[in-house]
Enquirer: 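Handing you a structure now.
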2 protein chains.
Amino acid sequence: MGRQMTEMLKGTLEGIVLALLTGKPAYGYEITTLLREQGFSEIAEGTVYALLVRIEQKGLVDVEKRPSEKGPPRKVYSLNSQGEKELDEFWNTWSFLSERLEQLRKDGK
Amino acid sequence: MGRQMTEMLKGTLEGIVLALLTGKPAYGYEITTLLREQGFSEIAEGTVYALLVRIEQKGLVDVEKRPSEKGPPRKVYSLNSQGEKELDEFWNTWSFLSERLEQLRKDGK
DNA sequence: CTTCACTACTTAGCGTTACTATATACCAGT
DNA sequence: ACTGGTATATAGTAACGCTAAGTAGTGAAG
C-alpha cells in the first residue's frame with residue numbers, strides 16, 4: 001500500500017466499511033473480500049478486523065455469531081441506528097472535504 | 001475540530017498545502033490564514049508548522065527566509081519539482097478514493 | 001514605559017489509525 | 001500428514017493531526 005493511500009484511508013476506511021454494511025450485514029472475511037473487489041486490493045486483513053473491533057466497541061454495529069460450513073464461526077456485523085447516524089456524519093464530513101479539494105484542483109489548473 | 005475531520009485530514013492536509021503552494025510561494029502564517037479562509041476554520045497553527053517542517057525535510061519545497069515589517073522573519077516555502085511530483089501522486093490517490101466513495105454513496109441510496 | 005494585540009515560528013507529548021507479522025482454528029481434498 | 005481456503009485475533013510500529021505552551025518582533029494604546 002502506498003504511503004499516501006495509507007494516510008488517506010485514516011478516517012475514510014471506517015466510513016467505507018459502515019457504508020458497505022448499510023442494508024446488508026456482513027462478516028469480517030466477507031468485508032475484506034468486498035473491499036478487494038472494489039479496488040482496495042491491498043488492504044490487510046488485520047486492518048479490517050481491528051476496525052471491526054473498534055466500531056463494535058463504539059457501539060456502531062450489532063454482532064451475531066453464526067456457524068460457517070467452511071471454517072470457524074463468523075461474526076456478522078450489522079449497522080445499528082447509532083452506526084447510521086455516524087455514517088450520516090461521515091458523509092457530511094466527506095462532502096465538505098471533497099468540495100474543498102475539488103475547488104483547489106480546479107484553481108490549480 | 002471534529003474527530004472525523006481530524007482523521008480525514010490525515011493524508012489530505014499535506015496535499016492541500018502542496019496545492020495551495022502551486023505557483024504562489026507562501027509562508028506559514030499566511031498558509032494558516034488561507035486555510036481558515038477556505039473553510040478549514042479550526043486547523044491549529046501548530047499543525048501547519050509541523051507539516052511544513054515535514055515537507056521541507058522530505059525535500060518537497062524550497063525555503064527562503066525573508067524579513068517581515070510586522071514581526072519575526074518569514075519562512076517562505078515554494079513547491080519544487082519533487083513537490084510537484086508528489087502533488088501529482090496526491091491527486092491520483094485522491095481521485096481513486098473519491099471515485100470509490102462516490103460509487104459507494106450512490107449504491108447506498 | 002508597560003501592557004496589549006497582532007504577526008510569525010517552534011516543539012514536546014498525546015491519541016487515533018492503518019500496517020506488519022504472527023498466531024489460532026475449522027474443514028476438505030490429496 | 002499436508003496443503004489450501006475459510007475465519008478471527010492481536011502485539012508492536014509508524015505516521016499524522018491536535019493540544020498546549022513557549023519564543024520573538026513590531027506598533028499602538030493607556
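Letters A, B, ... are given to chains in the order of the sequence lines, protein chains preceding strands, and every chain is numbered from 1. What you see below is based on every heavy atom in this structure, not just the backbone, and it leaves out hydrogens, waters and symmetry mates.
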Enquirer: Rounded off to whole Å, could you give me the CZ-to-P distance for the B/Phe40 and D/dG17 pair?
Expert: 12 Å

Enquirer: When the distance from CD of B/Gln57 to P of C/dT10 is rounded to whole Å, what number comes out?
Expert: 11 Å

Enquirer: Show every side chain to side chain donor-acceptor pair (under 3.5 Å) that has at least one partner inside residues 90-100 of chain B, sequence neighbours left out.
Expert: A/Gln4-B/Thr93, A/Glu102-B/Trp94, A/Arg105-B/Ser95

Enquirer: Take the protein atom CE of A/Met5 and the nucleotide atom P of C/dT20, then report the distance between them rounded to whole Å.
Expert: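 The answer, rounded to whole Å, is 14 Å.
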
Enquirer: Take A/Leu13 and A/Val48 through the side-chain contact (heavy atoms from CB on, under 4.5 Å) test and state the conclusion after the steps.
Expert: CA-CA 9 Å; A/Leu13 187 55; A/Val48 176; 5.7 Å; no

Enquirer: Atom pairs, N/O to N/O, protein against nucleotides 13-15 of chain D, distance under 3.5 Å?
Expert:
residue, atom, partner, partner atom, Å
D/dA15, N3, A/Lys10, NZ, 3.0

Enquirer: Step by step, would you call A/Ile16 with B/Leu104 a side-chain contact (heavy atoms from CB on, under 4.5 Å)?
Expert: CA-CA 8 Å; A/Ile16 290 169; B/Leu104 263 177; 3.7 Å; yes

Enquirer: Got a sec, which residues hit ring-ring contact (aromatic ring centres under 6.0 Å, His included) with A/Phe40, two or more places apart in sequence or on another chain?
Expert: B/Phe96

Enquirer: Taking only residues at least two apart or on different chains, which pairs with a member in residues 18-31 of chain A satisfy salt bridge (Lys or Arg N to Asp or Glu O under 4.0 Å)?
Expert: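 Sorted pair list comes back empty.
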
Enquirer: Can you tell me how far C1' of C/dT16 sits from CE of A/Met8, to the nearest Å?
Expert: 18 Å

Enquirer: Given 3.5 Å as the limit, does a donor-acceptor pair link the side chain of A/Thr22 with the main chain of A/Leu18, or not?
Expert: no

Enquirer: What pairs of residues pass the side chain to side chain donor-acceptor pair (under 3.5 Å) test when at least one of them lies in residues 67-82 of chain A, not counting sequence neighbours?
Expert: A/Tyr27-A/Arg74, A/Asp62-A/Asn80

Enquirer: Please identify each residue that fulfils salt bridge (Lys or Arg N to Asp or Glu O under 4.0 Å) with A/Glu64, with sequence neighbours left out.
Expert: A/Arg66

Enquirer: What is the distance, to the nearest angstrom, from the CD1 atom on B/Ile43 to the C1' atom on C/dC9?
Expert: 17 Å

Enquirer: Once you round it to whole Å, what is the distance between P of D/dC18 and CG of B/Leu52?
Expert: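 Distance, rounded to whole Å: 13 Å.
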
Enquirer: What closest approach, in Å, do A/Gly28 and A/Leu52 show between heavy atoms, and which atom pair accounts for it?
Expert: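 Closest approach of A/Gly28 to A/Leu52, heavy atoms only: CA-CD1, 3.5 Å.
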
Enquirer: Give me, pair by pair, the N or O atoms of the protein and of nucleotides 28-30 of chain D that are less than 3.5 Å apart, along with how far apart they are.
Expert:
none

Enquirer: Reading nucleotides 6-11 of chain D 5' to 3', which nucleotides get B (base under 4.0 Å from a protein heavy atom), which S (sugar-phosphate only), which -?
Expert: BBBBB-

Enquirer: Can you pull out the residues from residues 11-21 of chain A that lie within a 4.0 Å heavy-atom distance of DNA chain C?
Expert: A/Gly11, A/Leu13

Enquirer: Between A/Val63 and A/Leu87, is there shared hydrophobic-cluster membership here, with clusters defined by ILVMFWY side-chain heavy atoms closer than 4.5 Å?
Expert: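 The answer is yes; both residues are in one hydrophobic cluster.
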
Enquirer: Please list all pairs meeting side chain to side chain donor-acceptor pair (under 3.5 Å) that have one or both residues in residues 40-56 of chain A, counting only residues at least two apart or in different chains.
Expert: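 Listed by first then second residue: nothing to list.
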
Enquirer: Who passes side chain to side chain contact (heavy atoms under 4.5 Å, CB included) against A/Glu37, sequence neighbours left out?
Expert: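 Counting only residues at least two positions away or on another chain, A/Glu37 forms a side chain to side chain contact (heavy atoms under 4.5 Å, CB included) with A/Thr33, A/Leu34.
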
Enquirer: What pairs with A/Arg3 under salt bridge (Lys or Arg N to Asp or Glu O under 4.0 Å), at least two apart in sequence or on another chain?
Expert: B/Glu14, B/Glu86

Enquirer: Starting at CD of B/Glu64 and ending at P of C/dC9, how long is that distance when rounded to a whole Å?
Expert: 13 Å

Enquirer: CG of A/Leu97 versus P of D/dC16: gap in Å, rounded?
Expert: 16 Å

